[in-house]
Amino acid sequence: MNARKVFGILILYVFITGNLFAQQDTDILFTIADKDTVTKAEFMSMYERNASIAKDDNTIDDYLNLYINYKLKLIQAKELGLDKDSSTIKQVEDYRTSIIKPYINDPYVMDSLALQAYDRMHTLVRASHILIGIPANVAPEDTIQYYKKAQMIYQKALKGEDFVALADQYSEDQSVDSKNGNNSHGDLGYFSSMTMIYPFENACFELIDTTTGKLKDSVTFCKTTFGYHIIKVFSVIKAPFTRLNLAHIYIDSKKHTEQEAKDLIYEAYNKIPTLGFDSVVNVYSDDTFSKVRKGVLQNQPPNTLPAEYIDMYFKLPREKVSEPFQTRFGWHIIKILSTEPIPSYEVLKPQIYKRISKDNRGFLAIERFIEKSKEAYGFEVDQTNLTKLSNYVTDDVFSATWQIPEKKAGYPEFKNNFLFSIGDKKYSCQDMMEYIFEHQTRVTPSHIQKYINSQFDNFANECVVNYAAANIGKQYPEVDRAMEEFENGVLIFDLTDKMVWSKSLTDTIGIENYYNTHSSEYLYGERADATIWTLDKSLKADKIMKYIVKNKKKGKSNDEIKDALNKKYSKESNGKKKVFYTWSRFEKGSSNVIDKNIFANLNNIATIPYSCIDTSSITNKNMVIVVNEILPVSVKPLSACKGLVTSDYQDVLEAEWLQSLKEKYPVKINTQVLNSLK
């Protein structure tokens with residue numbers, strides 16, 4: 001499709017139908033048969049909206065003509081049923097999904113969460129935790145015992161009891177296991193934002209005084225999907241980097257006795273001054289991954305490294321080798337190579353948005369939308385019937401083999417009972433049972449009422465979002481306007497493609513006939529049949545020009561001349577070619593070199609062939625121009641102008657199409673109203 005057609009569609013795309021505007025002025029501007037009526041108010045709303053991006057010389061008459069054409073096309077598109085086409089429906093639905101996202105994912109919430117995440121990237125927190133998990137098969141009312149246990153440990157930590165001892169005694173985190181050989185005692189190392197699950201991250205960062213950047217407390221408590229966490233934050237430091245590049249020598253404590261590991265690391269350390277760091281890595285390091293890379297670990301986020309590595313970063317000058325130090329993994333020697341600073345918020349914003357939309361933060365925006373929608377449209381639930389669902393859902397649901405008990409005693413009467421509603425949309429117990437049936441998967445068994453409640457939350461929230469999305473135009477009229485604009489644009493695009501663009505591409509006879517009738521409109525300007533020779537500056541242009549002219553007279557081709565010159569002069573530059581050429585029939589205005597040396601000097605050129613030298617090129621080259629012929633103005637063959645001919649032929653097809661539409665759907669303009677607009 002050519003650019004002119006695209007522009008035409010874009011202009012028409014912003015025209016919107018009359019039912020989108022409050023008709024403050026009901027004067028009828030024009031009617032189209034018995035199909036449509038356009039008021040003065042509708043037209044002026046369109047005109048004023050579009051006038052700001054249009055040229056000053058576009059008059060009301062111009063807009064009126066465009067708008068009438070738009071309306072005629074839209075009427076035919078709908079009469080042909082293009083609005084019922086499955087492809088159109090899908091495009092419109094996809095567009096609707098995209099434009100309502102900002103209303104569902106509240107931009108204020110998302111922006112604040114993204115800024116919060118970015119701000120936290122500048123801080124590193126080192127923390128330990130004690131996890132008290134909640135078994136999946138526990139009834140909701142029985143979770144209190146796990147909460148009480150977690151609170152008991154929390155109180156011990158608040159009183160200052162040894163956190164490591166508490167973690168070893170109580171934590172259910174797998175890392176707190178002496179059997180694995182490197183018990184973390186709950187230590188999570190250093191981390192920043194978007195590393196831990198959001199409620200955990202939030203609990204840690206809320207301990208930090210935003211004014212001073214220091215800890216206002218060190219112990220806190222939170223709940224996540226994993227269970228209850230008792231958290232102790234040990235230190236908070238500024239994060240001057242987002243990733244760290246370093247090299248290390250690592251002696252694995254699992255592969256050696258404690259004394260052997262210590263002896264090996266000091267032996268390696270003492271050999272670095274004589275053998276060099278890289279050689280010592282190759283001999284001693286137990287890290288097979290980095291060993292082949294001279295011990296280098298690239299692009300390491302802080303949370304992937306032992307906390308001691310981060311501490312060492314602040315003590316160690318760049319490229320200096322540390323003394324041996326021990327962690328729970330073994331013994332280490334490191335040197336800091338470089339760091340990657342934290343990019344600006346503008347650079348990271350798309351990445352942050354993508355990440356927070358996939359974690360707990362993303363649900364905060366949706367939850368806010370759900371809460372606002374429940375309040376706006378009214379949400380009611382029958383808790384008694386929700387509880388009674390457990391009488392009909394069995395443990396088979398956890399193996400994905402449960403069936404709706406249609407014939408079970410009492411179910412036929414129960415299934416039609418009201419369960420919940422949003423706005424004027426009501427859902428029955430049967431709707432909920434069908435949702436559970438369709439969404440059952442093999443999962444770890446849990447308490448059945450807890451499972452039902454969770455599924456109900458999912459179903460109800462889904463219904464609320466769908467209802468609010470379907471009715472979002474009531475709160476945000478611009479959504480309905482955008483939807484109608486888009487759908488009408490798709491319809492007119494598809495119809496124009498059918499009636500004009502695609503038709504023109506297949507109508508070869510029509511294009512040939514149009515060309516034969518209008519061939520005098522498609523002309524070559526004055527042209528020079530010429531060859532531009534580009535020479536390396538080391539070559540003498542006048543000598544090369546004489547050689548070219550001499551060999552052209554002998555009937556040699558450009559390729560033969562080029563190959564001979566390169567063979568002669570490339571020996572002295574190790575085969576680097578020094579001569580190139582471009583041949584064409586250059587139309588006036590198509591080449592600065594030809595315009596300057598030939599067309600601007602045409603009156604002074606006595607004979608053809610003609611040759612000259614151009615030495616004022618901005619490139620580090622000389623140019624020799626050889627003109628074989630000056631061609632006068634002539635008609636272009638169809639093959640040379642088919643694109644332009646096709647575009648002009650499309651204008652003819654569109655004009656004929658619009659004329660047929662005006663004959664089929666007569667347009668009646670109220671000149672009195674039109675004059676009042678002028």
Side-chain angles (χ1 to χ4, degrees), residues 124-130 162-169 171 173-191 195 218 232-237 239 241 243-298 300-337 339:
L124 289 175
V125 173
R126 184 177 182 182
S128 290
H129 80 131
I130 299 166
D162 185 83
F163 201 84
V164 170
L166 290 173
D168 288 345
Q169 182 179 354
S171 186
D173 188 349
Q174 292 182 355
S175 64
V176 184
D177 185 355
S178 58
K179 295 178 182 178
N180 64 23
N182 54 14
N183 187 350
S184 69
H185 309 293
D187 188 1
L188 300 169
Y190 283 102
F191 57 89
T195 303
S218 62
K232 184 174 178 65
V233 176
F234 291 97
S235 62
V236 175
I237 54 177
F241 58 86
R243 291 178 182 269
L244 190 61
N245 299 311
L246 57 92
H248 76 153
I249 301 168
Y250 167 50
I251 304 300
D252 190 345
S253 59
K254 290 183 181 179
K255 296 182 179 180
H256 312 276
T257 65
E258 186 175 344
Q259 190 58 48
E260 284 174 346
K262 184 175 182 180
D263 291 344
L264 282 169
I265 198 70
Y266 276 96
E267 183 178 314
Y269 179 71
N270 291 328
K271 289 186 177 180
I272 291 174
T274 54
L275 298 180
F277 192 90
D278 296 349
S279 297
V280 174
V281 168
N282 190 51
V283 174
Y284 287 93
S285 186
D286 287 330
D287 184 358
T288 55
F289 173 79
S290 66
K291 192 173 185 175
V292 296
R293 297 171 176 79
K294 300 179 181 180
V296 173
L297 298 173
Q298 288 186 312
Q300 298 296 304
N303 62 293
T304 63
L305 296 168
E308 293 82 358
Y309 277 37
I310 305 301
D311 291 333
M312 190 62 69
Y313 162 82
F314 291 97
K315 301 175 184 176
L316 195 64
R318 301 299 169 267
E319 296 289 344
K320 296 295 182 181
V321 177
S322 74
E323 293 185 358
F325 60 92
Q326 188 177 19
T327 71
R328 62 188 176 90
F329 303 103
W331 285 85
H332 314 259
I333 300 169
I334 71 169
K335 63 175 178 178
I336 306 299
L337 302 177
T339 59

For [Y], does its backbone N or O pair with a side-chain atom of [X] as donor and acceptor, under 3.5 Å?
{"X": "Thr304", "Y": "Pro301", "answer": "yes"}
{"X": "Asp252", "Y": "Asp286", "answer": "no"}
{"X": "Ser253", "Y": "Phe329", "answer": "yes"}

request  = Measure the shortest side-chain to side-chain distance between Arg293 and Val281 over non-hydrogen atoms and say whether it is less than 4.5 angstrom.
outcome  = no
task = Taking the side chain as every heavy atom from C-beta outward, state whether Arg126 and Ile310 have any pair of such atoms under 4.5 Å apart.
result = no
request  = Using salt bridge (Lys or Arg N to Asp or Glu O under 4.0 Å) as the criterion, list what pairs up with Lys271, not counting sequence neighbours.
outcome  = Glu267
request  = For Leu297 and Asp287, run side chain to side chain contact (heavy atoms under 4.5 Å, CB included): C-alpha distance rounded to whole Å, both residues' side-chain angles, the deciding distance at 0.1 Å, then the answer.
outcome  = CA-CA 10 Å; Leu297 298 173; Asp287 184 358; 4.1 Å; yes
key: Residues that Gln169 engages under side chain to side chain contact (heavy atoms under 4.5 Å, CB included), provided they are two or more places apart   = none
ask   = With sequence neighbours excluded, what pairs up with Tyr266 under the side chain to side chain contact (heavy atoms under 4.5 Å, CB included) test?
value = Lys262, Pro324, Trp331
Atom [atom1] in [X], atom [atom2] in [Y]: separation rounded to 0.5 Å?
{"X": "Ile130", "Y": "Asp168", "atom1": "CD1", "atom2": "CG", "result": "9.0 Å"}
{"X": "Lys335", "Y": "Leu246", "atom1": "NZ", "atom2": "CG", "result": "10.5 Å"}
{"X": "Ile333", "Y": "Ile265", "atom1": "CD1", "atom2": "CD1", "result": "4.0 Å"}
{"X": "Asp162", "Y": "Lys232", "atom1": "CG", "atom2": "NZ", "result": "9.0 Å"}
{"X": "Tyr190", "Y": "Thr195", "atom1": "OH", "atom2": "OG1", "result": "14.5 Å"}
{"X": "Leu264", "Y": "His256", "atom1": "CG", "atom2": "NE2", "result": "5.5 Å"}

ask   = Any chance CZ of Phe289 has more than 12 other-residue heavy atoms, nucleotides or ligands included, within less than 6.0 Å?
value = no
query = Under 6.0 Å from the CD atom of Glu258, do we count more than 12 heavy atoms belonging to anything else shown?
reply = no
inquiry  = If you compare all heavy atoms of Glu308 against all heavy atoms of Phe325, which two are closest, and at what distance to 0.1 Å?
reply    = CB-CE1, 3.9 Å
key: Nearest non-hydrogen partners of Leu124 and Ala239, listed with the distance   = CG-CB, 3.7 Å
inquiry  = Classify the ring geometry of His332 against His248: parallel below 30°, tilted from 30° to 60°, perpendicular beyond 60°.
reply    = parallel
inquiry  = If the threshold is 4.0 Å, N to carboxylate O, is there a salt bridge linking Asp187 and Arg328?
reply    = no
message = Applying side chain to side chain contact (heavy atoms under 4.5 Å, CB included) to Tyr313 and Arg318, what does each step give before you reach the verdict?
response = CA-CA 9 Å; Tyr313 162 82; Arg318 301 299 169 267; 2.9 Å; yes
ask   = With no hydrogens and no angle check, do the side chains of His185 and Ser128 hold a donor and an acceptor under 3.5 Å apart?
value = no
inquiry  = Please tell me whether Tyr284 and Tyr269 form a close aromatic pair, meaning their ring centres lie under 6.0 Å apart.
reply    = no
inquiry  = Test side chain to side chain contact (heavy atoms under 4.5 Å, CB included) on Asn245 and Val296; report intermediate values, then the result.
reply    = CA-CA 7 Å; Asn245 299 311; Val296 173; 5.8 Å; no
